[in-house]
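Only this structure's heavy atoms are used, side chains among them; waters, hydrogens and symmetry mates stay out. So you know, we letter chains A, B, ... as the sequences are listed, proteins then strands, and number each from 1.
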Amino acid sequence: MAEPRSHTQARDFWTATVLWLGAGSVLALLAWILGDLLLQGVGRLSWGFLTEPPSDAGRSGGVAPMIISTLWILAICLATAVPLGLAAALFLTELASRRTGRWVRHSLDALAAVPSIVFGLFGNALFCHVLGLGYSILSGGLTLACMVLPLVVRTTEAGLSNVAQEIRQGAAALALSRVTTLRTLVLPAAAPALLVGLVLGIGRALAETAALIFTSGYVDRFPESIHDSGRSLSIHIYDLSMNVPAGNDTAYATALVLVVLLIASQQLATWGIHRWIQPERSVR
Amino acid sequence: MTTQLSPPAIAETQTPDSVSTPDWAFRATDLRIAYEGKTVLQDVDLNIARRRITALIGPSGCGKTTFLQSLNRLTDMIPRCTVDGSLLLSEQVFKEQGFGDLDLGSPELDVVRLRRRVGMIFQRPNPFPLSIRRNLELPLREHGVKDPELLRRRIEKSLRDVGLWDEVADRLEQTATALSGGQQQRLCLARALVLEPEILLMDEPTSALDPLAAAVVEDLIQSLRDRYTIVIVTHNLAQARRLADDVAVFWVREGTGRVIETGTVAQIFDRPQDPDTEAYVRGLRG
Amino acid sequence: MTSSKPSASFRAAADRCLTVVLVGAAAIAGGLVLWIVLFIARESMPALLSIAPWRFATDASWHPQDGLFKITPMVAATLAISLVAMCLAAPLGIATAMFSSFFAPARIAGLLRRWIEILAGIPSVVYGLWGLTVLVPRIAAIQAPGLGLLAASLVLALMILPTVALTAEAALRSVDEDLLRGAAALGLDRTGTALHVALPAAKNGIFAGLVLATARALGETMAVLMVAGNVVQMPGSLFDSIRPLTANIALEMGYATADHRSVLFASGLALMLMVGLLVALSTMSSPEATDG
Amino acid sequence: MSFPKSPSALSRSIAAAAFLITTLVGCGSSDDSPSAQTRITLTGSSTVAPLASEIARRFEERHPDVRVEVQTGGSSRGIADARSGAATLGMISRDLAPDEQDLTAFTIARDGIGLIIHADNPVEELSRSQIASIFRGEISNWSEVGGREAEITVVNKAEGRATLEVFKQYFELTSPEIRADVVIGHNEQGVKTVAGNPNALGYVSIGVAESDIQQGIPIRLLRIDGMEANIETVADGSFPISRPLNLVAHGTVDGPAAELVEFSLSEEVHDLIEAQRFVPSRR
C-alpha cells in the first residue's frame with residue numbers, strides 16, 4: 001500500500017509545485033508592473049502635481065485639468081447610465097416576460113462585448129457630428145454611458161432579483177402598489193448591488209481611453225463647461241508616453257494617480273457597503 | 001358540497017345543478033390553471049363557504065397552492081400562468097354591497113379591491129426587512145390610513161389579536177427579521193389582519209415552524225374561527241381534522257391535478273367515497 | 001379605510017407611469033446595440049457601395065489616400081495578436097485559478113484574488129505605457145525594433161490574464177462541494193480531484209471566461225496601438241511590426257475623410273462581426289455558461 | 001411612524017435624470033444663443049499644434065473672452081475640419097496642394113524635415129539616394145552606408161501626415177514602395193522611437209528634433225548630401241527639405257479668429273516660435 005500512496009503524494013507535490021510556480025510567476029509579473037508604476041511614478045508626485053495645470057507639453061506642471069475633465073466625464077456618464085440602467089434592470093426583474101427579458105439580456109450581453117474603439121466610432125459619429133456636440137466632455141460622457149450601461153444593468157438586475165420572492169409575494173398579497181413595493185422593499189434590499197454596479201461602471205469609465213480620443217478630444221486645459229473638450233487622465237497618459245519624449249516620468253506619475261483613484265473608489269464602495277447599507281438593513 | 005343552510009346569494013351567475021345555494025365566499029366552476037400551456041389543475045368545481053374553515057389537502061404537486069394563489073390572483077406573478085373557467089368571489093364579503101360578485105378571471109379586475117378583502121399567509125414567514133411597526137404601517141398607509149392615532153390603534157389591535165403585543169410592545173422599532181420563526185409568522189398574520197379582511201388564505205402556515213410555535217399559530221387560527229373565512233392548505237392531516245369545517249381533496253389524475261372529493265371534515269375523514277381519498281386519509285397513499 | 005377611490009386611481013396612475021418609464025429605459029438599453037450596429041453600418045455604407053468588397057483583400061496595399069484599401073493584413077494582425085495572447089494567458093490564468101481553488105492556503109488564495117482584481121481594473125493605457133517602456137526595449141535587445149507582434153501579445157496576455165483567472169476561479173469555486181467530497185471519498189488525490197473532477201465540472205464557466213477574454217483581446221485598442229509598431233503587413237514572425245484593426249481605426253480616424261473614413265467604420269463593423277460571432281458561438285455551445 | 005428620511009434611490013435617480021435632461025436641453029439651447037465666450041477651434045498638424053497652443057495661450061491672456069482650443073490629428077484633419085467647419089482654423093505643416101485652393105493659408109513659421117538617428121549611431125551623413133534606397137528597402141543594413149553591422153529600423157510616418165508628404169516629395173518616393181518597420185503618428189513619437197532604438201532611422205520636424213536634443217534626448221540630426229540639418233540652414237534657405245507652417249481658413253475669417261491670425265503673424269509671437277525651434281516667417 002505504500003507504493004500508490006507515495007505515488008499520489010509525489011504527483012500532488014509536483015502539481016502543487018507547478019501551480020505554485022505558475023501563480024507565483026503571474027504574481028511576480030503583476031508585481032513588476034505595479035512596482036514600476038510606483039517607483040517611476042512616485043518621483044514626480046507632489047501636491048502641486050495634482051493642483052497645477054501642465055506645462056512644457058506635460059513634462060512639467062501637473063494634471064489638475066485632466067482630473068477635473070475626468071471627473072466631469074464620469075459625472076455625465078453616471079448621470080446617464082445609472083438612472084437608465086436602474087430603470088432597465090427594474091424592467092427586467094419586475095415587468096419583462098421571459099421572452100422579452102431574454103431578448104433584452106442577450107442584447108445587453110452583445111453590447112458588453114462591443115470593443116471600446118467601436119463605441120468611439122459610434123460616439124464620434126452620433127454625438128460629435130450628427131447631434132453636433134463636437135469634441136466635448138458631453139460627447140465623451142454620453143459615449144461612456146453607452147459603454148458602461150450593460151455593466152450597470154446586469155449588476156443591478158442581479159441585486160434586484162436576489163430580493164426574496166417571498167417578500168414580493170407578501171407585498172402583492174397586501175395589494176401594495178408597484179411603486180411602494182419597489183421603493184420601500186426592493187430597492188433598499190438591492191442597494192448594495194446597485195452600488196457595486198455603480199462602482200464597476202466608474203472603474204470601466206475611468207480606465208477608458210479609446211472611446212474618448214474621438215469624442216471628448218484631448219485639450220489639456222481646464223474645461224469651463226461640458227461643451228468644452230477635455231482630456232481625461234487616461235488620454236494624458238497615452239499622449240505623454242507616445243508623443244512626448246522624456247514624458248515617461250510624468251506618464252507614470254499620471255498613471256499612478258489614475259490607478260490610486262481607481263483603487264480608492266473600489267475600496268470606498270466596499271467600505272460603504274459595510275458601513276451603511278448592511279447595518280441599516282438590520283437596524284430598521 | 002357544503003350543507004350549510006343560508007339564503008341564496010343574489011348573484012347574477014347561474015348555478016346549474018344546485019337547488020339551494022349556500023352562503024359561499026368563492027365559487028369555482030370548471031376551473032383550469034396552466035403554466036406555459038401545461039395544465040396543472042383542471043375540472044375544479046368547488047364552493048368555499050363563508051365564515052368557515054376549508055382545508056385543501058392532498059399529496060404534493062397536485063395544485064393546491066396554485067389554486068389558493070388563484071383566489072387572490074397571486075397567479076398574476078407567475079409568468080405565463082393562465083386561469084380559465086369561472087371563479088367568483090361573493091359580493092357578501094365586501095362591506096359595500098351592490099357591485100355584484102367579483103369575477104376573479106376578469107382582466108379588468110381591481111386586484112387592490114380583491115386583496116384588501118382577501119389576506120394571505122405563506123408557508124415561510126415573510127416579514128418585510130423593516131421594523132415591526134413599519135411592517136404593519138406600510139399596508140395601512142398604502143390603503144389610505146394616514147391618521148397617526150388611528151394607525152397606532154390599529155397596529156396595536158392587530159398585534160393583540162395575534163398575541164404578539166405583550167412580546168414586542170417595547171421593541172416596535174426593531175427589525176422584524178430578528179423575531180423568532182413563530183413570532184414572524186404571527187406578525188405576518190397580524191399584517192394580514194391589520195387590513196381587516198374577510199377572508200384569509202393560508203399556505204401551510206405552520207409547516208416551517210417548530211412544533212411549539214406551530215401549536216401557537218394553530219391555536220391562533222382556531223381563535224379566528226367564525227370571524228373569518230379561512231382557506232388553508234395543509235399536509236398535516238391531523239391539523240386539517242382539528243381545524244377544518246370543510247375539506248377538499250386534491251389528487252393528480254391523468255397527469256393533472258383535480259379535486260376528487262369535497263365534504264365536511266366528518267364526511268372526508270370518516271366516510272370517504274373515493275378510494276384514493278380513503279387511502280390518503282388513512283395514511284396509506286400520497 | 002378612507003378616501004380609497006382617489007388614492008387607488010392615483011396608485012394606478014403612478015404604477016402606469018412607472019411602467020412607461022421602465023419600458024422606455026429597457027427599450028433604449030436593449031435597442032442600443034442594434035442602434036450602434038445600424039449606425040456604424042450606415043456610416044460604412046458609402047465605402048461598401050463604392051468599393052467592391054473583394055478589393056479589401058485584393059488591393060495592393062493599405063494606402064487609403066491613394067485609394068488602396070487592403071485590410072486583410074490588419075485582420076490577420078488582429079487574429080495573430082489575440083491568438084498568441086490567448087495561448088499565453090489561458091494556461092497561466094487557469095493554473096492560477098486551480099492554484100487558488102485547490103492548492104493555496106485560504107489566506108494566500110484570498111490575497112491572490114484581491115491582487116488580481118486590482119490588476120483587472122488597471123487601465124489598458126497603463127499596460128501600454130509599461131509595455132512601451134519596459135518590454136519593448138528588452139525585446140529590441142533581441143531583435144529591433146521591439147515593437148510588434150510579440151510585444152503586443154505579451155501586453156495583451158497580461159491584460160486578459162486577470163479576466164481568465166477570475167472567471168476560471170469563479171467557475172471552479174461554484175463546483176458542487178458534494179462532488180469534491182465524493183471524489184475525496186473515492187480516494188482521489190488533490191491533483192486527480194482538480195484535474196478529473198473539478199476541471200470538467202467547471203469547463204463551461206472557464207470556456208465562457210476564455211471567450212470573454214478573447215473578445216476583449218480582439219477589441220483592445222490602446223495597449224496594442226502603443227506597442228504593435230503599426231506597420232501594415234502580414235504578420236510573418238513574432239518580431240514583425242504589425243497593425244491590428246483597432247489600432248488602425250485609432251491612428252487614422254482623426255483625419256480620415258470620405259471613403260477613407262467610411263472604410264474605417266466598415267472595419268469597425270468587421271470587428272463587431274468577429275466579436276459577435278465569438279459570443280454567438282459560445283452562447284450556442286453552452287447556453288448556461290453565459291449566465292454566470 | 002415615518003418614511004425613510006434619506007432620499008430613496010428612486011428619487012435620487014429621478015433627480016439624476018432631471019439633471020441629465022437639463023444638461024441636454026442646455027446644450028440644445030446654447031447652440032442657438034452664442035454664449036458670452038467666443039470659441040475658436042484649431043485642429044490639424046501635430047507639428048504646428050504645440051506652437052499654436054503657446055500662441056493661443058498668449059492670445060487668451062489679451063482676450064479673456066475668447067477660448068482657443070487646439071487639437072492635433074495631422075494636416076489632413078486640419079484641411080478636412082477647416083472645410084467642414086468643425087474647426088475655425090486648420091493647421092497644416094506643408095503648402096496647400098493644387099486641389100486645396102479653396103482654402104486660404106497664413107504662414108506663421110517655417111520648418112525643415114531632418115533625418116534622425118540615435119545618438120550612439122556612428123553614421124554622420126547620408127546621401128539623398130542612400131536615404132531613398134533605405135526607405136525602399138534596397139539597403140537594409142547600416143554597414144552598407146558606412147555604419148555598424150546592424151539591421152536598419154525604418155521609422156515612417158502614418159498616412160495623412162504632412163511630414164510624410166514633404167518627405168516623399170523630396171526623395172521621390174511613393175507610399176506603396178516604402179518598406180517601414182515602425183509607423184508613427186506624431187513627430188514626438190518618431191523622436192521617442194528613434195531615441196529608444198540605436199539602429200533606427202526616422203524623419204521629423206527639425207524644430208521638434210532640435211528642442212528635444214536640447215532636452216537631452218539621445219538623438220542626432222543627419223547631414224544630407226553634406227548639408228547640416230539645423231534651424232540656421234532652414235532659416236537661410238540652404239537646407240533643401242523645408243516647408244511652411246500654415247493656418248488655413250475656409251472662406252473669410254473675421255472677428256476674433258481674424259485677430260488670432262493677425263496675432264500669429266505678428267512679431268509678438270516670434271519668441272514663442274524661436275522657443276519651439278521654428279523659423280519665424282519674414283513678411
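Both the backbone and the side chain of A:L126 come within contact range of chain C, with heavy atoms under 4.5 Å apart. Residue contact with chain C, scored on non-hydrogen atoms closer than 4.5 Å, involves the backbone and the side chain of A:A31 alike. Only the side chain of A:S25 comes within contact range of chain C, with at least one heavy atom under 4.5 Å from a heavy atom of that chain. With a threshold of 4.5 angstrom between heavy atoms, A:Y252 approaches chain C through its backbone and through its side chain. Looking at A:V118, both its backbone and its side chain come within 4.5 Å of chain C, counting heavy atoms on both sides. Contact of A:L108 with chain C is made through the side chain alone, with heavy-atom distances under 4.5 Å. For chain A, the nearby parts of C:I36 are the backbone and the side chain; heavy atoms of each come within less than 4.5 Å. Neither the backbone nor the side chain of C:R216 comes within contact range of chain A; no heavy atoms are under 4.5 Å apart. Using a 4.5 Å cut-off between heavy atoms, A:L149 contacts chain C through its side chain alone, with no backbone atom that close. Both the backbone and the side chain of C:F265 come within less than 4.5 Å of a heavy atom in chain A. Proximity to chain A (any heavy atom under 4.5 Å) is shown, for C:W130, by both the backbone and the side chain. There is no contact between C:L269 and chain A, counting heavy-atom distances below 4.5 Å. Only the side chain of A:H129 comes within contact range of chain C, with at least one heavy atom under 4.5 Å from a heavy atom of that chain. For chain A, no part of C:F102 is nearby; none of its heavy atoms comes within less than 4.5 Å. For A:L95, the part lying near chain C is the side chain, with the backbone staying farther off; criterion is any non-hydrogen pair under 4.5 Å. Within the 4.5 angstrom heavy-atom criterion, only side-chain atoms of C:I40, from C-beta onward, approach chain A.
Nearest approach of A:V259 to C:P123, heavy atoms of both residues: CG2-CD, 4.2 Å. Contact between A:A88 and C:A25 at its shortest, heavy atoms only, is N-CB, 3.8 Å. Taking both residues in full, the closest heavy atoms of C:L22 and A:F91 are given as O-CB, 3.6 Å, listed atom of the first, atom of the second, then distance. A pairwise comparison of heavy atoms in A:A210 and C:T221 identifies CB-CB, 3.8 Å as the closest pair. The shortest non-hydrogen separation linking A:G22 to C:L92 is O-CD2, 3.8 Å.
With chain C as partner, the option from A:L258, A:L84, A:T100, A:I213 having the largest number of non-hydrogen pairs under 4.5 angstrom is A:L84. Between chain C and the options A:T209, A:V104, A:L206, the largest number of non-hydrogen pairs under 4.5 Å is found for A:T209. Your options are C:V275, C:T96, C:L119, and the one with the most heavy-atom pairs under 4.5 Å with chain A is C:L119. Here C:L158 is the residue among C:L158, C:I28, C:L212 with the most heavy-atom pairs under 4.5 Å with chain A. Between chain A and the options C:T246, C:V21, C:V126, C:L32, the largest number of non-hydrogen pairs under 4.5 Å is found for C:L32. When each of A:A251, A:G203, A:A125 is scored by its heavy-atom pairs under 4.5 Å with chain C, the top score falls to A:A125. With chain A as the partner, the residue from C:G30, C:S100, C:P91 showing the most heavy-atom pairs under 4.5 Å is C:G30. Most heavy-atom pairs under 4.5 Å with chain C: of the set A:V18, A:T254, A:V114, A:L21, this distinction falls to A:V114. Heavy-atom pairs under 4.5 Å with chain A peak, among C:A215, C:A97, C:A29, C:A194, at C:A29.
Within the 6.0 Å centre-distance limit, the rings of A:F122 and C:W35 are counted as a close aromatic pair. Checked against a 6.0 Å centroid threshold, the rings of C:F99 and A:W20 count as neighbours.
To the nearest 0.5 angstrom, C:R261 atom CZ is 5.0 Å from A:N124 atom CG.
Side-chain contact between C:I122 and A:L34 is present, with heavy atoms from C-beta onward closer than 4.5 Å. The shortest side-chain heavy-atom distance between A:I235 and C:M222 does not fall under the 4.5 Å cut-off. The closest side-chain heavy-atom distance from A:P115 to C:E220 is not below 4.5 Å.
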Inset, instruction - Show the numbers, then the answer: is there a side chain to side chain contact (heavy atoms under 4.5 Å, CB included) between A:L121 and C:E43? - result: CA-CA 10 Å; A:L121 284 176; C:E43 296 285 317; over 6 Å; no
Legend entry - Evaluation steps, side chain to side chain contact (heavy atoms under 4.5 Å, CB included), between C:L129 and A:Y238: CA-CA 7 Å; C:L129 167 66; A:Y238 168 70; over 6 Å; no
Inset, instruction - Apply the test side chain to side chain contact (heavy atoms under 4.5 Å, CB included) to residues C:R42 and A:V130: give CA-CA distance (whole Å), side-chain angles for both, the deciding distance (0.1 Å), then the verdict. - result: CA-CA 12 Å; C:R42 195 194 79 157; A:V130 174; 3.9 Å; yes
Legend entry - Step-by-step side chain to side chain contact (heavy atoms under 4.5 Å, CB included) determination, C:T19 to A:E94: CA-CA 9 Å; C:T19 306; A:E94 310 297 321; over 6 Å; no
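In A:W32, the CH2 atom is crowded: over 12 heavy atoms of neighbouring residues, nucleotides or ligands sit closer than 6.0 Å.
Counting only distance, with no hydrogens or angles, the side chain of C:D15 and the backbone of A:V179 share a donor-acceptor pair below 3.5 Å.
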